[in-house]
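These notes concern the structure reproduced below.
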Amino acid sequence: MAGELNARYWEERYTAGDTPWDIGAASKPITTYLDGLEDRGLRILIPGAGRAYEAEYAHRAGFSEVFAMDLTDEALKDLRQRCPSFPVEHVLVGDLFTHEGSYDIIIEQTLLCALEPSQRERYVDTMQRLLKPGGVLVGVLFDQVPNAQGPPFAASVEDYQQLFAKQFPDARFERCHNSIAPRAGRELWVKAVRHGPASCAIHDGIEAAATLREEVTLVLADGSERTSVPLDIIHRDGADLVVLRDGTEVAIDRVREVVRERMP
Ligand SMILES: C[S@@+](CC[C@H](N)C(=O)[O-])C[C@H]1O[C@@H](n2cnc3c(N)ncnc32)[C@H](O)[C@@H]1O
């Protein structure tokens, strides 16, 4: 991992008891979200879990496939002591960025703001990689952080929108209404769904138009339309992109319909 925010750094913070981010309980927006889920068999990953109150909450609420991950066991051992029934094989000491797995839900709680800003794109790419198609990243992000030197590192709603746009074009960031008092007004609820591969019909329609150099109208997920000639489909950073003659690129996962114009 990059920079000095490595396992030793975090381990020393826990050993010294220097953990001002730790609210001592599961975050309310996250417990409210979990309470609303019916399927208790969903595979849930909580990376950068720290003392892992959210993992404990989910486990006690009957979720059977909850995984708590952190770089350092110094944090996670607290979970094992508090909650001996938490499955030991669901406690993952390791680096999110090298983790292999496939999850229905990934829960964010003060991990993104703990990473070097240079790692943010890698974080989003990793979320995309670890989510099943249709899976969702949810959780809490800070939109103002007092210590811009970090960690925590500051980010704004606009920063998050830009950061998530490529992998999660429909990501939503909404003000949390149930934050704990010291964080009221400073937390955003993120919901970012990993879309499945674009349907064959959409791929085929774009490819046929590219071969014929035919103008098409692409109807996008947000209802907007783009009319141009597709030149190519490329794969970059885990996403399929259609390259248009007007010089722009569109993520194929955003395309809901391809309207082919009639040739004269
Ligand atoms: C600010 S703390 C938040 C802990 C917990 N989510 C909470 O709110 O109390 C950030 C946590 O992320 C962990 N962490 C940092 N980088 C990580 C990585 N690459 N993979 C897994 N965990 C990481 C740290 O060890 C630390 O426990």
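Order of listing sets the numbers, starting from 1, for every ligand and every atom in it. Below, each value reflects all heavy atoms present in this structure, side chains not excepted, and no hydrogens, waters or symmetry copies.
Those atoms of ligand 1 with a heavy atom of L115 less than 4.0 angstrom away are 16 (N). With ligand atoms numbered from 1 in the order given, ligand 1 contributes 18 (C), 19 (N), 20 (N), 21 (C) to contacts under 4.0 Å with heavy atoms of L96.
A salt bridge is defined here as a Lys NZ or Arg NE, NH1 or NH2 lying under 4.0 Å from an Asp or Glu carboxylate O, and R80 with D73 meets this definition. Under 4.0 Å is where a charged nitrogen must lie from a carboxylate oxygen, and between D143 and R175 at least one such pair does. Salt bridge D125/R129: absent, no basic N to carboxylate O contact under 4.0 Å. No salt bridge links R43 with D104; every basic N to acidic carboxylate O contact stays at or beyond 4.0 Å.
Hydrophobic cluster membership is shared by L131 and F67, with clusters built from Ile, Leu, Val, Met, Phe, Trp and Tyr side chains linked at under 4.5 angstrom. With hydrophobic clusters built from ILVMFWY side chains whose heavy atoms lie under 4.5 angstrom apart, Y103 shares a cluster with V124.
Relative ring orientation between H90 and F86 is described as perpendicular, the plane-to-plane angle rising above 60° on a 0-90° scale split at 30° and 60°. Ring geometry for Y160 versus F173: interplanar angle under 30°, hence parallel rather than tilted (30 to 60°).
Using a 4.0 Å cut-off between heavy atoms, A114 contacts ligand 1 through its side chain alone, with no backbone atom that close.
The closest approach between a heavy atom of Q109 and any atom of ligand 1 is below 4.0 Å. For the ligand labelled ligand 1, residue A49 lies inside the 4.0 Å heavy-atom shell. For L5, the closest heavy-atom approach to ligand 1 does not fall below 4.0 Å. The shortest heavy-atom distance from G94 to ligand 1 is under 4.0 Å.
In this structure, of L92, T19, L71, the residue bringing a heavy atom nearest to atom 16 (N) of ligand 1 is L71. Of the listed residues (D70, D95, N6), the one carrying the non-hydrogen atom nearest atom 25 (O) of ligand 1 is D70. The option with the heavy atom closest to atom 14 (N) of ligand 1, from among D22, L111, T110, is L111. One option in Y53, F97, W21 has a heavy atom closer to atom 9 (O) of ligand 1 than any other, and that option is W21. The heavy atom nearest to atom 24 (C) of ligand 1, considering only Y14, Y123, W10, Y9, is found in W10.
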